[in-house]
Each structure stands twice: as structure tokens, then as C-alpha cells.
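Structure, as C-alpha cells:
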Amino acid sequence: AEYESSGINAEYGDFLNDVIAEDKHLTMHYVIHNIGTEVANDVVVDDTAGFPAGEFEVVSGALSATFDSIQAGANVSHAVVLKPLTSGMHNFVPAMIKYKNLLVTNW
């Protein structure tokens with residue numbers, strides 16, 4: 001029997017800078033792939049937990065993005081420019097992704 005994938009989106013973020021330094025701009029680039037066989041609708045990427053306001057300032061863009069739909073096998077991208085406000089260690093956590101499709105509602 002052939003099973004359809006639930007349309008789960010795989011997400012990853014990547015820093016476009018070689019060095020992360022206090023008061024220096026930091027660009028985070030996200031690529032969201034729909035690796036499923038169904039359209040993913042109402043896709044929301046939220047990375048606010050990974051970059052707390054007390055540690056990072058948003059210079060350009062936003063830490064969350066919404067896409068009406070991502071076709072099966074397609075991808076979209078999003079970027080945000082941040083400025084670290086403190087020096088030292090930072091605990092980066094994965095962005096949260098929410099989406100809906102005909103088979104699964106991942107809310």
C-alpha cells in the first residue's frame with residue numbers, strides 16, 4: 001500500500017555571518033521545505049524564543065513569518081537581521097513551525 005506523507009515541513013536556520021559579536025549585525029536565514037505530498041497551509045515560523053529581546057535587537061525583518069501555503073516539494077525562505085546586545089554564550093533553540101494540511105493540523 002502507498003501512504004501519503006502528512007506534509008511535514010522541515011526547517012533550518014543558518015547564520016550568514018562567520019562571527020557573532022556584540023553590536024555587530026547578524027543575519028539569520030531560514031529555508032522551509034515542504035517534504036510532504038500535500039500542500040501545507042497557514043505556515044507560521046516563529047523564532048522569538050531563540051532570540052530573546054533582552055539579548056538581541058531586530059534590525060531588519062522579523063523573528064516570525066507567515067506563508068499562506070507551501071506546495072508539496074517546494075520551499076520558501078525568510079531572513080532577519082539581528083544585533084546581539086550582550087557578549088558571552090547564547091543558547092540557540094530551533095524555530096517553531098506550525099502548519100495545516102488536509103491530513104494533519106499541526107497546531
Side-chain angles (χ1 to χ4, degrees):
E2 188 172 327
Y3 296 93
E4 289 199 352
S5 170
S6 65
I8 296 172
N9 291 288
E11 180 272 335
Y12 63 87
D14 190 21
F15 294 111
L16 298 182
N17 305 65
D18 292 332
V19 176
I20 300 172
E22 184 177 359
D23 291 327
K24 300 291 182 187
H25 288 183
L26 166 68
T27 301
M28 186 70 174
H29 182 240
Y30 305 87
V31 179
I32 301 94
H33 297 277
N34 182 347
I35 60 174
T37 58
E38 298 288 328
V39 174
N41 295 302
D42 302 323
V43 180
V44 177
V45 179
D46 184 353
D47 207 4
T48 53
F51 299 96
E55 297 178 24
F56 294 90
E57 175 187 336
V58 175
V59 176
S60 177
L63 287 170
S64 62
T66 303
F67 303 93
D68 292 334
S69 65
I70 304 173
Q71 297 296 316
N75 65 64
V76 294
S77 64
H78 174 71
V80 61
V81 178
L82 305 157
K83 182 171 77 170
L85 301 175
T86 61
S87 59
M89 299 292 290
H90 295 283
N91 183 27
F92 298 110
V93 297
M96 172 85 66
I97 297 180
K98 297 178 184 179
Y99 64 94
K100 298 177 186 174
N101 71 15
L102 296 176
L103 301 175
V104 173
T105 298
N106 185 357
W107 282 115

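We count residues from 1, following the sequence as given.
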Indicate if Phe92 and Val81 have the same hydrophobic cluster label, given that clusters are the connected sets of ILVMFWY residues with side-chain heavy-atom separations under 4.5 angstrom. no
Give the minimum heavy-atom separation between Asn41 and Ser69, together with the two atoms involved. OD1-CB, 3.4 Å
In Å, rounded to the nearest 0.5 Å, how long is the span from CG of Asp46 to OG1 of Thr66? 9.0 Å
Going hydrophobic residue to hydrophobic residue with side-chain gaps under 4.5 angstrom, can you get from Val59 over to Val80? no
Measuring from Asp47:CG to Ser64:OG, what's the distance to the nearest 0.5 Å? 9.5 Å
Reported CD-to-CG distance for the pair Glu22 and Leu85, which is rounded to 0.5 angstrom: 7.5 Å
Non-hydrogen atoms of Pro84 and Lys24 that approach each other most closely: CD-O, 3.0 Å
Ile70 CD1 to Ile97 CD1 distance, which is reported to the nearest 0.5 Å: 8.0 Å
Would you indicate whether Asp68, at its atom CG, is surrounded by more than 12 heavy atoms from other residues, nucleotides or ligands within a distance under 6.0 Å? no
Would you give the length of the straight line joining atom CD of Glu55 to atom NZ of Lys83, rounded to the nearest 0.5 angstrom? 15.0 Å
Please determine whether side-chain contact (heavy atoms from CB on, under 4.5 Å) holds for the pair Leu26 and Phe56, giving the CA-CA distance in whole Å, both sets of side-chain angles, and the decisive distance to 0.1 Å. CA-CA 10 Å; Leu26 166 68; Phe56 294 90; 4.1 Å; yes
Which atom of Asn34 lies closest to which atom of Glu38, heavy atoms considered: ND2-O, 2.9 Å
Note: Gly36 and Ala72 closest approach over all heavy atoms is O-CB, 3.3 Å
CE on Met96 to OG1 on Thr48, rounded to 0.5 Å: 9.0 Å
Minimal non-hydrogen separation, Phe67 against Ser77, with atom names: CZ-O, 4.0 Å
